[in-house]
Amino acid sequence: MSVAAAAAVARADDASESPALVVEGLTTSIRIERQWFDAVRDVSFDVHRRETLALVGESGCGKSLTALSVMALLPAGVGRVTRGRIAVD
């Protein structure tokens, strides 16, 4: 088997595996002056092993809040995940 064929087989095997990270319908809210507002709404994506995902967008669009939500690093009392599912394998 050639190197290219072996690499293609390895990629096919990786693709058949379940994702390492699954985010489904994520909504993250932040508190401003005692009221909660949805800052990130209905975000969904999968990331497989050996795959890279880039969150790209304008300033203030929710990239950092999404990442902090996935890592469970939202500041207590200021941010919270209000809907959705995050699963890490």
Side-chain angles (χ1 to χ4, degrees):
M1 181 181 298
S2 71
V3 174
V9 169
R11 283 192 302 274
D13 288 343
D14 290 343
S16 66
E17 292 181 14
S18 62
L21 171 65
V22 176
V23 177
E24 291 179 345
L26 175 69
T27 297
T28 300
S29 301
I30 57 171
R31 189 174 72 180
I32 301 172
E33 296 180 9
R34 293 181 289 222
Q35 285 189 305
W36 290 93
F37 298 93
D38 290 347
V40 173
R41 290 187 197 109
D42 197 30
V43 173
S44 298
F45 57 86
D46 296 344
V47 182
H48 288 82
R49 285 170 181 71
R50 291 188 249 160
E51 187 175 59
T52 301
L53 172 74
L55 297 175
V56 180
E58 296 180 16
S59 177
C61 72
K63 301 177 300 288
S64 294
L65 281 176
T66 299
L68 290 170
S69 298
V70 169
M71 297 184 294
L73 293 176
L74 291 168
V78 177
R80 65 184 181 191
V81 174
T82 53
R83 282 188 285 290
R85 180 175 82 94
I86 300 167
V88 180
D89 181 21

Value for CG (Leu65) from CG (Asp38), rounded to nearest 0.5 Å, stands at 11.5 Å
* Asked: Hey, any chance Val78 and Leu74 share a hydrophobic cluster, counting ILVMFWY side chains that come within less than 4.5 Å of each other, even indirectly?
  -> no
The reported gap from CG in Leu21 to CZ in Arg49 (rounded to nearest 0.5 angstrom) is 10.5 Å
Here the pair of heavy atoms bringing Ser44 nearest to Gly25 is OG-N, 2.8 Å
Open item on the list: Quick one: does any side-chain atom of Ser29 pair with a main-chain N or O of Arg80 as donor and acceptor, under 3.5 Å?
Closed with: no
In short, side-chain hydrogen bond (donor to acceptor under 3.5 Å, both in side chains) pairs touching residues 56-65 with sequence neighbours left out are none
Heavy atoms of Val81 and Ser69 approach each other most closely as CG2-CB, 3.9 Å
*Kindly work out whether a path of hydrophobic side-chain contacts (I/L/V/M/F/W/Y, heavy atoms less than 4.5 Å apart) joins Ile32 to Leu68.*
yes
**Request:** Find out if a path of hydrophobic residues (ILVMFWY) with successive side-chain heavy-atom gaps under 4.5 Å connects Val56 to Val43.
**Result:** no
Residues passing the side chain to side chain donor-acceptor pair (under 3.5 Å) test with Thr27, sequence neighbours excluded, are none
Arg31 meets the side chain to side chain donor-acceptor pair (under 3.5 Å) criterion, sequence neighbours left out, with none
ask   = Does some side-chain heavy atom of Leu26 sit less than 4.5 Å from a side-chain heavy atom of Phe45?
value = no
Q. Do Leu73 and Leu53 share a hydrophobic cluster, counting only Ile, Leu, Val, Met, Phe, Trp and Tyr and linking them when any side-chain heavy atoms are less than 4.5 Å apart?
A. yes
OG1 of Thr28 to CD1 of Ile30, rounded to nearest 0.5 Å, is 10.0 Å
So CZ of Arg50 and CD of Glu17: to nearest 0.5 Å the spacing works out to 7.5 Å
